[in-house]
Q: 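Input: one structure, supplied below.
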Amino acid sequence: MKGTRSALFVLLMMAAACTQPKNPFLSEWDTPYGIPPYDKITESDFVPAVKAGIEQQRSEIEAITSNAEAPTFENTIVPLELSGSILDKVTGVLYNISETDRTDALDAAMEEIIPLLSAHEDDISFNKDLYKRIAAIYNADQSGLDREQQMVLKKWFDGFEKEGIGLPAEKQARLREINGEIASKTQKIGNNILAESNAFKEKFGFSVSEYSDRMTSTADRELRRQYLEAYTMRGHNGNGNDNRALILDVLKLRLEKARILGYPNSAAYALEDKMAHDPQTVDDFLAGVMKASVAKAKQEVKDMQVIMDRDIAAGILPAGSRIEAWDWWYYAEKVRKEKYALDDEEVKPYFQIDSVRKGVFAAAHILYGIEVEELTDVPEYNPECVRTWKISDSEGKLLGIFTTDYLPRSSKRGGAWMNNVREQYVDAAGNDVRPIIVNVGNLAENCNVDQVQTAFHEFGHALHGLLTKCRYPSVSGTNVKRDFVETFSQFNENWAFQPELLEKYSHDAEGNTIPMELVEKINNSLKFNMGFMTTELCAASILDMKLHEIEDFEGFDVDAFEKKVAADCGLIPEIGFRYRTTYFNHIFSSGYNAGYYGYLWSEALDKDAFSLFEQNGVWDLALADKFKKTFLERGGSEEPMTLYREFAGREPDSKAFLAKRGLID
């Protein structure tokens, strides 16, 4: 029966190919390493490819559920894991291009595709015949399964349970409507944020990604105030890009979904399968971090006020001037120059973007033995901005394909991220399919200290994807719990400014190596301004949690709500939220709803792990090999805390995290 359906599907695809131009997603890619044939893909290919992919996966799942044999891991979970190959191909390309090279045509395609994918995902989530087979395997003796298989099985079973497989039909129907509405509205929120960011550039002549640099270097205080106001009012301007109504809709829909599924609020629903597990655990964690960071920030305000008082005495500012939110970056830089004699402009010549990329590769070569070879004659989605590398292990075996897209452009959303164009897995023939991974950023040609850390951060995600050695795509690479995934990106930042590494990659245009006295200044300054940085990040994490802990939106006003959260958590007026609600893309379009705390949570793990390297020497290759084999190779094939205890030999300790940020001694 399965063979008959598969043959019918192939015939239908062949018939379609005869009546329309060949769609690249519906054939095998005859390209080096299976890189997508970007030069042959057009915007009109995406919608029909998604539709074909949905039909393919439906057929594959029907073959699973109609199998008369008793359900087993091999006849149910394995084909389920390998199903949807066309969808994987098209979404791997689409999700990357739609965020880096947005066009009106792509937006239109996404508007049509998102409801299709949402409905298809619901069709799978509410497929009772499929669930019965999975439940039968899950509830049977699992001793014949290895640990990775048990984790894959658990992930499928828990997913069905969490999404409402046991609910009556009318509630499932409402969940379908909610899921579709959320998907469409969050896509619109993301588009509005990009439009607002582009409007910011049109108004001031520089991009949002340059905001902190301009706030640091602009002496005109009134101009800094205007920058801050425009930056923090994105999505809040009463124009066609205003996100206030959309975010309220999404928050209400998330709450309704949580209630249908038996949770008191959407935070409880989101956290149920995370490391932290429940809102109270996260709230307690953030409260402790916030208390320490605000205390540090208050001292930083005093240090800045001393310098501002000098400007008052010199007649530069009127009497009574106090540090305001738009003064922070500017006066913090002055404090840094005095305390550490470190000037950002002095640093930037040594961190040209190509040199930084060289450093990212050099650290991974030393620690994990990777080899890098640039590929110059392969398809790239934006040949002017993108570069591609073949990544191999020390024995020359392919680990994966890695692409960088580092520089800003108006079609690209803000921030930096890692995408999997193709996941790593073992196919039905036993072939180890290696991943294709992209690092995207909005960096400068000459990077400041923060941007160098960003490049190392995103490559930490890439390493998690490239080094994985799993068999099943649902647990390979970065497919781990959301509050665990940032551990490995942040861990990789620890090597960015190691003196031995800087000697290898940090050179100016004339080839001069960065002076060691400048290296010392950089490392001495890494704890500088951490009260501000941590408070800003922690406050945004608290805002995210409180938005998703709401249980009644009657009379909700985003401005009043933000003010209340700020007051309740002790946020001082000189510091705002890193992201206000209307442009908080992470929690609306990037899956971090009730999850933004994960950056701090993961950092507590990362810094504790790195403390072991500091005890043994940061270039301890045996420990690096253990880190690779314990974490990077195993993805989500084991519970996070089990892996951590296996690596460290103990429970994690948050003291290293607080100390690294200078919040405790």
Side-chain angles (χ1 to χ4, degrees), residues 33 351-375 386-406 416-421 424 434-441 443 447 451-470 476-478 480 485-507 602 606-607 609-610 612-614 616-635 647:
Y33 309 103
F351 293 114
Q352 301 168 74
I353 193 65
D354 287 344
S355 297
V356 173
R357 183 166 31 214
K358 179 182 175 183
V360 162
F361 290 154
H365 171 71
I366 297 169
L367 292 167
Y368 310 120
I370 74 160
E371 301 290 344
V372 178
E373 175 191 347
E374 185 163 13
L375 302 175
V386 166
R387 293 175 66 180
T388 305
W389 283 265
K390 173 186 175 183
I391 309 294
S392 306
D393 65 15
S394 58
E395 298 177 352
K397 185 177 179 181
L398 178 69
L399 291 172
I401 301 300
F402 175 65
T403 294
T404 60
D405 180 0
Y406 279 152
W417 62 95
M418 170 268 210
N419 269 344
N420 272 59
V421 175
Q424 179 270 332
R434 299 311 302 174
I436 299 173
I437 289 171
V438 181
N439 271 179
V440 182
L443 309 179
C447 296
Q451 290 173 330
V452 173
Q453 289 175 309
T454 295
F456 275 80
H457 177 105
E458 297 306 331
F459 194 63
H461 283 309
L463 285 169
H464 202 186
L466 290 163
L467 295 174
T468 185
K469 289 186 175 181
C470 295
S476 75
T478 57
V480 300
V485 72
E486 297 296 337
T487 302
F488 309 101
S489 52
Q490 293 176 158
F491 179 82
N492 204 52
E493 294 180 37
N494 292 303
W495 273 268
F497 302 112
Q498 296 297 332
E500 303 90 342
L501 186 68
L502 286 168
E503 288 182 354
K504 296 180 181 294
Y505 83 87
S506 186
H507 311 283
S602 294
D606 126 53
K607 291 297 182 287
F610 185 66
L612 301 179
F613 281 83
E614 292 178 308
N616 296 315
V618 296
W619 300 106
D620 184 329
L621 299 188
L623 192 58
D625 188 62
K626 184 180 182 182
F627 186 89
K628 177 181 74 171
K629 290 177 178 176
T630 305
F631 294 120
L632 302 179
E633 291 183 356
R634 291 167 69 181
F647 173 73

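It should be emphasised that the depicted structure is a prediction, and the values quoted were computed from it without experimental measurement.
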Q: Rounded to the nearest 0.5 Å, what's the gap from CD on E458 to OG1 on T404? Could you check?
A: 12.0 Å
Q: Would you indicate whether the side-chain heavy atoms of Q490 and H457 approach each other to under 4.5 Å?
A: yes
Q: Tell me, do T388 and I401 make a side-chain contact under 4.5 Å, heavy atoms counted?
A: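 Of all side-chain heavy-atom pairs linking I401 with T388, at least one is under 4.5 Å.
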Q: With a 4.0 Å cut-off, would you call K628 and D393 a salt bridge?
A: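 Salt bridge flag = no for D393 with K628.
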Q: How far apart are the closest heavy atoms of T454 and A416, and which atoms are they?
A: CG2-CB, 3.6 Å
Q: Answer yes or no: is there a side-chain heavy-atom contact under 4.5 Å between L466 and Y368?
A: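 The answer is no; the side chains never approach within 4.5 Å.
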Q: Under the 3.5 angstrom rule, does the side chain of N419 hit a backbone N or O of V421 as a donor-acceptor pair?
A: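 No, the answer is negative, given that no donor and acceptor are paired below the 3.5 Å cut-off.
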Q: For residues T478 and F488, determine if any side-chain heavy atom of one lies less than 4.5 Å from a side-chain heavy atom of the other.
A: no
Q: Once you measure the plane-to-plane angle for F613 and F610, does it fall in the parallel (<30°), tilted (30-60°) or perpendicular (>60°) bin?
A: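 Answer is parallel, since the angle falls under 30°.
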Q: Can you name the closest pair of heavy atoms from A462 and I437 and give their distance?
A: O-CD1, 3.6 Å
Q: With a 4.5 Å cut-off on side-chain heavy atoms, are I366 and L621 touching?
A: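 SC-SC contact between L621 and I366 confirmed.
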Q: Would you say that M418 contacts H464 through its side chain, given a criterion of any heavy-atom pair below 4.5 Å between the two side chains?
A: no
Q: With rounding to the nearest 0.5 Å, note down the distance linking CG in L463 to OG1 in T468.
A: 12.0 Å
Q: Counting only heavy atoms not in E395 (residues, nucleotides, ligands), do more than 12 fall under 6.0 Å from its CD?
A: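 Check fails, neighbour count at 12 or below.
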Q: Can you measure from CZ (F456) to CG (N494) and round to the nearest 0.5 angstrom?
A: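 Going from the CZ atom of F456 to the CG atom of N494 covers 11.0 Å.
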Q: Please report the interatomic distance CG(L399) to NZ(K390), rounded to the nearest 0.5 Å.
A: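 The CG atom of L399 sits 10.0 Å away from the NZ atom of K390.
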Q: Can you name the closest pair of heavy atoms from T487 and D606 and give their distance?
A: O-CB, 3.5 Å
Q: Sub-3.5 Å donor-acceptor pair from the side chain of D620 to the main-chain atoms of G617, do we have one?
A: no
Q: Please work out whether the ring planes of F647 and F631 are parallel, tilted or perpendicular, with thresholds of 30° and 60°.
A: tilted
Q: Is there a donor-acceptor contact under 3.5 Å from the side chain of Y406 to the main chain of D354?
A: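 Not a single qualifying donor-acceptor pair exists.
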Q: Taking atom NZ as the centre, does K626 end up with more than 12 heavy-atom neighbours from other residues, nucleotides or ligands that are less than 6.0 angstrom away?
A: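 Atom NZ in K626 is packed in, count exceeds 12.
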Q: Check for a donor-acceptor pair, side chain of S476 on one end and backbone N or O of Q424 on the other, with a separation under 3.5 Å.
A: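 Yes.
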Q: Once rounded to the nearest 0.5 Å, what's the spacing between atom CG of N492 and atom CG of L367?
A: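 These two atoms lie 8.0 Å from each other.
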Q: Quick one: does Q453's side chain get under 4.5 Å of F497's, heavy atoms only?
A: yes
Q: Between F402 and F459, is the ring centre distance below 6.0 Å?
A: yes
Q: Hey, does L467 have a side-chain heavy atom less than 4.5 Å from the side chain of I370?
A: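 They are in contact (side-chain heavy atoms under 4.5 Å apart), so the answer is yes.
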Q: Are Q352 and H507 close enough that a side-chain donor and a side-chain acceptor fall under 3.5 Å?
A: no
Q: For a quick test of reading the model, state the closest non-hydrogen atom pair linking E500 to K504 and the distance between them.
A: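 Scanning both residues, the minimum pair turns out to be O-CG, 3.7 Å.
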Q: Any chance you could measure L398, atom CG, to E373, atom CD, to the nearest 0.5 Å?
A: 10.5 Å
Q: Search all heavy atoms of W495 against all heavy atoms of L501 and return the closest pair with its distance.
A: O-CD2, 3.2 Å
Q: State whether a side-chain donor-acceptor pair under 3.5 Å links S489 with E486.
A: yes
Q: State, to 0.1 Å, how close Y505 and A496 come at their nearest heavy-atom pair, and which atoms those are.
A: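 Minimum heavy-atom contact is OH-O, 2.7 Å.
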